[in-house]
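Labels below follow one simple rule: chain letters A, B, ... track the order of the sequence lines, proteins then strands, and each chain is numbered from 1. Any value given below was found using the heavy atoms of this structure, including those in side chains, with hydrogens, waters and symmetry copies removed.
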Amino acid sequence: MFARLPDQFSFPEAEREVLAFWKEHDVFARSLAQRKGAERFVFYEGPPTANGLPHPGHCLTRTIKDLFPRYQTMCGRLVERKAGWDTHGLPVEVEVCKQIGIHSKEEIEEYGLEPFVHKCVESVWRYTREWEEMTNRLGFWINLDDAYATYHQSYVESVWWGLKTLFDRGLLYQGHKVVWWWAQGGTALSSGEVGEGYRDVDDPSVFVKFPLIESEPPAALRKLADGGLVSDVTDADSLLTHLLGTRRLPPSVRESFDTPEQTLRHIVEKSPGFLARLIAPTSLLVWTTTPWTLVSNHFAAVHPELRYALVHDAEQGENLYVAEDLVAAISKKVKRELEVLFVVSGADLLNLRYLPPYPEVYHEDLGHEQAELRGGGVNAIGWRVVAADFVTIDSGTGLVHEAPAFGEVDFEMLQQERQRFKEDDAIPLLCAVAPNGTFNDEAPEVYRGRWIKDCDKDINRELKERTTPWGTPLLYHLEQYRHSYPFCPRAEEDALIQYARKSWFVRTSRFKQRFIENNAAMTWLPEHIKEGRFGDFLRNNVDWALSRERYWGTPLPIWVCQESGQMEAVGSFDELLAKPGLTGTEVWEQARAARPDLPDDLRVHRPYIDALTYDSPFADGARMVRVREVIDCWWDAGSMPFAQWGFPHAEGSVQRFQEMFPASFISEAIDQTRGWFYGLLAISTLLFGPDESGRLAEPVRQALQRDGDEALGFPQPFEACIVLGHLMGEDGTKMSKRLKNYREPGYVFDTYGADALRWYLYSAQTPWTSVRFQENAIRDAQREFLVRLYNVFSFFNIYANIDGFDPRQKQARPAAERSELDRWILSDLNLAIRDVRGHLDRFENFPAAQRLNDFVDALSNWYVRRSRDRFWCAVSGEAARDQDKWDAYETLYEVLVTLSRAIAPFTPFFAETMHQNLVRDIEEGATDSVHLCAYPTPDAACIDVQLAEEMNLVRDLASLGRTARTLAKIRVRQPLERVEIILANHQHEDWLSGHAALIAEELNVKQVDFTSDADHYVHYEVKPNFKAIGPVYGRKAPQIAKALQALDNPADARRTLVADGKLTIEVAGETVALTPEQVEIRLQPREGWSAAQGRSGVVVLSTELSTGLQEEGLVRELIHHVQTLRKEHNLPYEARIALFVETAPELADVLGRWQETLAAETLAERVVFGPPEAAEAKEVSVEGTAVRLALAAPAVAG
RNA sequence: GGGCGUGUAGCUCAGCUGGUUAGAGCGCAUCCCUGAUAAGGAUGAGGUCCCAGGUUCGAAUCCUGGCACGCCCA
C-alpha cells in the first residue's frame, strides 16, 4: 500500500516535513560523502552581505545557484558548496553610522575609530539568522557551518599574501584617482552624497586661444601671399609640404591635382588674399568653465571623428581652429564674420603643439620634453592635441582644455595617454592646487594660498592681458554659463571640485590582453555579456583603484619607512610579528583585556594593526609605519578562490585551493559584472597567471611547489557564468521596502512553498530577464506544473491502492510489449530526459523546465486521460484485460519515479515527497532520499521518434475534430456517425488507420474514415516552402509563389506531385521542377461541411443525426443533468439512487427505451417516470423539452 | 553624459543562426467533464512584433537613426 495522500495537500506543510527529513538523515552531507573521490564540479559562492535583510532577488540568485550543483551531484560529480559572507566596506560603515546617528568621516573620527570598528564587526552578522533561515527554507544546499567571512584573520592574511605578491611583482603602485572632493572638509564624497548636492549656478564660460607652435612660413610662400606669381616658384612641393605640415591644408589636397604647381595655383587663385589669410598665425580655440584649472593645463583634446574648421578672424588678423558645427555659434558670440578656410577631421589635428596660457609654470618639465613610446618613436609629454571621444559639440568650441587632475574623464584620458609610453611615469600629473582647495606653490605667486574659485575673475583678467606671440589677447570671449554643479550637502556654500587624490592602484591594465584571452574561453549566459558589457569593460581596462581612505576593511599591508619613504608589503600576521623591533602589540592586548568578547580577527584590523611599527630595513634608526588605507571590498570578494581556504598559510589550504580551482560554474546578478565577475578574473589572472615575460610569480611557485610556468587551470577563474536579471516589484519599478511593492520571501514560502517559488524562477522566463516579481505569476507556475503533477501523483495513489498495485510484484510485461500508449509515454519520458540533460549540461534552466512542463502536460492530459478506463475497470480475471491494467500501473509508476528524480534539482521538496511515497515507503533498502539517487539517463531502447510523431498527429486530429464540433455547435456529448480525415501528408496514414478507435472515442463518433481523394470536401492550395526554395531560386522565389497560386487545378497538381514525386511549372519562360519538399500542400474545407483545418489536414464531421444518434444524445444530456444533481446533493460517487423523471410523453418514451444505460450511468436502482414521490424536484431542459428531475435514496423510494 | 540591455496578445514572458498561419501561461468568452472533484479539460476571440529608414526574392529576427524603460559607470 502507498501511504494515502492527505485530502488537503499543502505544499508548504509537506516541505517542512521534507526539511525535517533532510536534517534528520543528514542528506546534504551524505550526497557529498557518496561522491567522495569522484570528478569535481566546482561551485563558487559569491559572498552576499548579511547586514541587510534578504529579499526576493537573493532568492533568485540562490535558486539558480542551487539547481546546477544538485543536478551535477546526481550526475555523479562531487560538488562541494562552501558558503561565504562579504563583511567589509562602506555598506557596513554606512549602516553603523545610521545606527549611531552620525554621517561624516570627521564624525566617525570624533566618535573614535576603535568603538566604531567594534560596531562594524557586530553589524556584519546582524541579519545572519534571517539569511540562514531563507537559505534553508528555499532548499539551497550550501555549507553554512563552514562559511568563509572576508574579515576573518585567515581570509585577511590570504588577501595580504596576494597583495604582497603583486607588490613584489611591481604591480601595486601609488598613483592618483580623481574624486569629488570637499576641499574645506578634506574628504572625498560618495556618488550618492554628490548626487544630493547639485544646484544650478552661473560659472564663467571662457573661450581662450592656445597659440600653435609652428615653423615660420618659407620666404617664398610669403612672397606668393604678397602677390608673387606661382610661375616664379621654384619648389612648389616644399611649399605644399610646409602648408600640410602646419595643417593649413587638408591631407587629401595633393591628390586633387596632378602637380604641386597646379595645387598651389588653385590655392592662390581661390580668392583674393586667400593665401595670406591661410598663413596667418593660428591658435586652437579652447573652451572651459573652470578658468582656475587653466594654470594646470596639460593637453587640448579633440574628438578624432569630428570635423574642425580653420577660420580666419579678419579683425584680429589670425586663424582659429574650432569645430565646424560651432563656427556659426561662435561667430554670433563675437559678433563678427569668421571665414572658413578649410575643414579637416579631428584626427588630422592630433599632436599639434601649442603654448598654454601659463607656460612659465611647468616650462622646465613640459616645454620641449619628449619620451619614448612603447611602439617605438617619441612624443611630447604635454601641451599638444590629443584625442578624446568625450568631446562634444553641444557647447563650447569642440576643443577641450585638459587638466587631468580635476576631471574624472580627463584623468582617464591621461591614463590612456600614459599607456602609450614605455615608462609608466613618463607623463607627470600637473596639479597646482593643494588638498585644501587653494593654489599651491606650483601656481603663479599671486594666486598661491587663495581659494581657487575666488581666482577665476583675476585669471580671466590676466587672460585678457596675456597675449599670443603675435600680440593678440589670449582671451577670445567670456560669458556666464548656467549649469548644474554639485555642492557639499553638509556645507552648502562649499562647491565641490573634482580632484586627484593619491591612491593605491593595481596595474591591471598590463594584463588586459590576458583578461581578454581568459574571457574568450568562458561561457556566458546570456551570450552578449561576453563581448558586450563584460568584454567592453575589459577592453577599456584601467588600473584598479584599490585603496579607500576608510576604516572597516582589509588593511592595505604596506609599511613605509618614515625616513626614506621606502616601502614593503607584509604577507601574513606572523611575518609582521617577526619583524625586528616590533612594537604596538599591547594596544590590541589592552583592548582585548577590557572586552574579552572581541573576536581575535580584529587584531588584523584598524586601529590595532596601525599601532604595529618596526625597525626600518632601509634607514638606520627609522621606523616602519603602516599606510592608513584599507582596500576596496571588491578585492576581498574577488580573492575568494584562494582566500576562502586561507591559502597559502592555513594547513591543507594549498591542496584545497588546487582541488577547487577554477570554478565550473558561478552565477550572480548583472550588477556584479564590474564587481565580483571582474574581481575574480582580474585577481586570479594577475596572481596565478604568467607575467609579461611568461613567468609565474615566485610565491605562487613556492606555494604550489611548481617548477614550470604554465598558468594554473585555464580558463581562469570560472568556466561558465549565468548573469541574472533583476527582479522588479509588482508594479514594474524597483523593489522598495518603503513602497511594499513586492511579497516577502517568507510570505511566499508560507503561502505557496519554496518549490513554487523555485519553479516560477526556473520556468517562467530566462534568468537574465528583468522580470516583475508577481504573486499571481508564482501561483500560476505552481498550478501549471506542481499541482498538475500532484494530481497525477494523487490519481495514481488512489487507484493503485484500490487495485492493490504493488511494484515489487512485477506484474507488468516488459516495456516493449506493452500497449502503444504505454510505449508512447515512456518514449516521451526518455526524450524529455535526454532534452533536459542536454539543457542542464549547458546551464539552460529555462528550456529544461519548459520541457518538463510539456512532459507533465502530456502525461496528465493525454496519457492519464486516455488510460482512465484501464485504471477504473475492476480486476476481472480476464487475462488480457488485467495484464493491460498492470501494464498501465507499472508504466505510470515508472514514469512518476523517474520524474521525481528528473525534477529533483528543480523542485527538491516535492520530488522528495514523491520519492518517499513511491519508493522509500515501499521497497526495503531503497535509497533514503531522491537526492541520493542518480539523475535518470535516457534509455535509447524506449525512444520511438516515429510513435511520438504519430501520437502528436492523433492529438492534433482530435483537436481539429473538437474545433469542428465547436464550429458546428454540436457538443461532444452528442454522438455522431462518423468523421472523415483528409491528411495533408499521407506518411502516417497506415498507422493512423489502426488507431481510428482512439480518435473515435476522443471525438465521440462511431466511425473514422481516412479519405485520400476528397476533392468534394476540400480544395487544395499549393504553397512554396520558402526555406527550401529561397536558397535555390533566390529572387525567383516570389515568381514561383505566384505561379503556384495561379495553378488552374491545385488538386491535379497535388496528385501529380504525389504520383511523380515532382511538379513542373513555368516561371518566367523557364521550366522549374519542384520536389515535394519544396512545396507545402494546404487544405481548406469547402463551404457546407462542418470541418476544421490545420497543418496536418482536415477533419470533416458528418452532422446528420439518425434517430438512434439523436436519442442517444438526449439520453447523454439527461445523464449530464442527473450527474450534476448528484453532485448538488453531495452524494458519494458510489451512492445508489432512485431517479424520478417527469416529462413530455415523447421524451419519456425515448428515455424508457434507454433506461438501462440511464440507470447504469447514474447508479440508479430504479427509474420512475412520473412525479417525484418525496424529494424536491429540479427543473431542467433537455433539447428544449422541460424535465422535472428528482433523486431519492433507493430505500426511501422502495 | 557614456556603455550595455530591453521594447512581441489585456497581463507576464518565449521565439529572433532571416523563410510567408508569430507562440505559451494567466485573464476573458463559450463549452465539456463530474469515478484526479473546493480539481480537471476543450475551443475561441485577442497582435501596426515601439517608431522611421535601409539591406534582402523575403525582416519580429540583420543594419542605421529615433523614442521609452532598465542596469552599470559617470
Rounded distance (Å) that lies between atom [atom2] of [N] and atom [atom1] of [X]:
| X | N | atom1 | atom2 | result |
| --- | --- | --- | --- | --- |
| A:N1025 | B:G58 | CG | P | 18 Å |
| A:Y742 | B:U12 | OH | P | 20 Å |
| A:R533 | B:C4 | CZ | C1' | 5 Å |
| A:E1001 | B:A42 | CD | C1' | 16 Å |
| A:F871 | B:G35 | CZ | P | 17 Å |
| A:Q782 | B:A39 | CD | P | 13 Å |
| A:F793 | B:G40 | CZ | C1' | 18 Å |
| A:H528 | B:G5 | NE2 | C1' | 6 Å |

Counting only Watson-Crick or G-U wobble pairs whose two distances fall under 3.5 Å, which nucleotide matches [N]?
| N | result |
| --- | --- |
| B:C57 | B:G19 |
| B:A42 | B:U30 |
| B:G1 | B:C73 |
| B:A24 | B:U12 |
| B:U64 | B:A52 |
| B:G47 | none |
| B:G35 | none |

I'd like to know whether A:S509 forms a side-chain hydrogen bond (donor to acceptor under 3.5 Å, both in side chains) with A:D543, so could you lay out the CA-CA distance, the side-chain angles of the two residues, the decisive distance to 0.1 Å, and finally the verdict.
CA-CA 5 Å; A:S509 57; A:D543 288 347; 2.6 Å; yes
Work out how far the [atom1] atom of [N] is from that of [M], and round it to whole angstrom.
| N | M | atom1 | value |
| --- | --- | --- | --- |
| B:C71 | B:G58 | P | 40 Å |
| B:A36 | B:G70 | P | 50 Å |
| B:A24 | B:A9 | P | 14 Å |
| B:C57 | B:G65 | C1' | 26 Å |
| B:U12 | B:U48 | C1' | 22 Å |
| B:U8 | B:G47 | C1' | 8 Å |
| B:C63 | B:C16 | P | 15 Å |
| B:C33 | B:G41 | C1' | 7 Å |

Tell me whether the side-chain N/O atoms of [X] come closer than 4.0 Å to OP1 or OP2 in [N].
| X | N | result |
| --- | --- | --- |
| A:Y799 | B:A36 | yes |
| A:R674 | B:C4 | no |
| A:K1023 | B:U21 | yes |

In plain terms, say whether A:E1002 and A:R866 are close enough for a salt bridge, that is, a side-chain N and a carboxylate O under 4.0 Å apart.
yes
Can A:R539 and A:E531 be counted as an ion pair, charged N to O under 4.0 angstrom?
yes
Does the plane of the ring in A:F2 sit parallel, tilted or perpendicular to the ring in A:F796? Use 30° and 60° as the thresholds.
perpendicular
Students often mix this up, so state it plainly: with edges at 30° and 60°, are the rings of A:H58 and A:H55 parallel, tilted or perpendicular?
tilted
Selected nucleotide, minimal atom distance to [X] side chain, candidates [options]:
| X | options | answer |
| --- | --- | --- |
| A:D780 | B:C57, B:G25, B:C72 | B:G25 |
| A:R783 | B:C71, B:G40, B:C4 | B:G40 |
| A:Q774 | B:G25, B:C71, B:C11 | B:C11 |
| A:R865 | B:G41, B:G3, B:G40 | B:G41 |
| A:S959 | B:A36, B:C26, B:U43 | B:U43 |
| A:H1120 | B:U34, B:U20, B:U43 | B:U34 |
| A:P1031 | B:C26, B:G19, B:A36 | B:G19 |
| A:D536 | B:G25, B:C4, B:A42 | B:C4 |

If we ignore hydrogens and angles and just use 3.5 Å, is the side chain of A:Y678 paired with the main-chain N or O of A:F534 as donor and acceptor?
no
Between the main-chain N or O of A:V856 and the side-chain N or O of A:S860, is there a donor-acceptor pair closer than 3.5 Å?
no
Sugar-phosphate, base or nothing in reach of [X], heavy atoms under 4.0 Å:
| X | result |
| --- | --- |
| A:N791 | base |
| A:R779 | nothing |
| A:A764 | sugar-phosphate |
| A:T673 | nothing |
| A:S860 | base |

Paired with A:Y752, the side chain to side chain donor-acceptor pair (under 3.5 Å) test is passed by just one of A:E775, A:Q782, A:R743, namely A:E775
On the side chain of A:R962, is there an atom forming a donor-acceptor pair with the base of B:C32 - under 3.5 Å, no angle test?
no
Would you say the base of B:A42 and the side-chain of A:R965 have a donor-acceptor pair closer than 3.5 Å?
no
Between A:Y799 and A:F871 (judged by ring centroids, cut-off 6.0 Å), do the two rings come close enough to count as a pair?
no
Specify the residue among A:L859 and A:Y760 whose closest nucleotide of RNA chain B lies further upstream toward the 5′ end.
A:Y760
Report the residue (A:F846 or A:F795) whose heavy-atom-nearest nucleotide on RNA chain B is the more 5′ of the two.
A:F846
Stacking between B:C57 and A:Y1033, yes or no? Criterion: centroid separation under 5.5 angstrom, plane angle under 30 degrees.
no
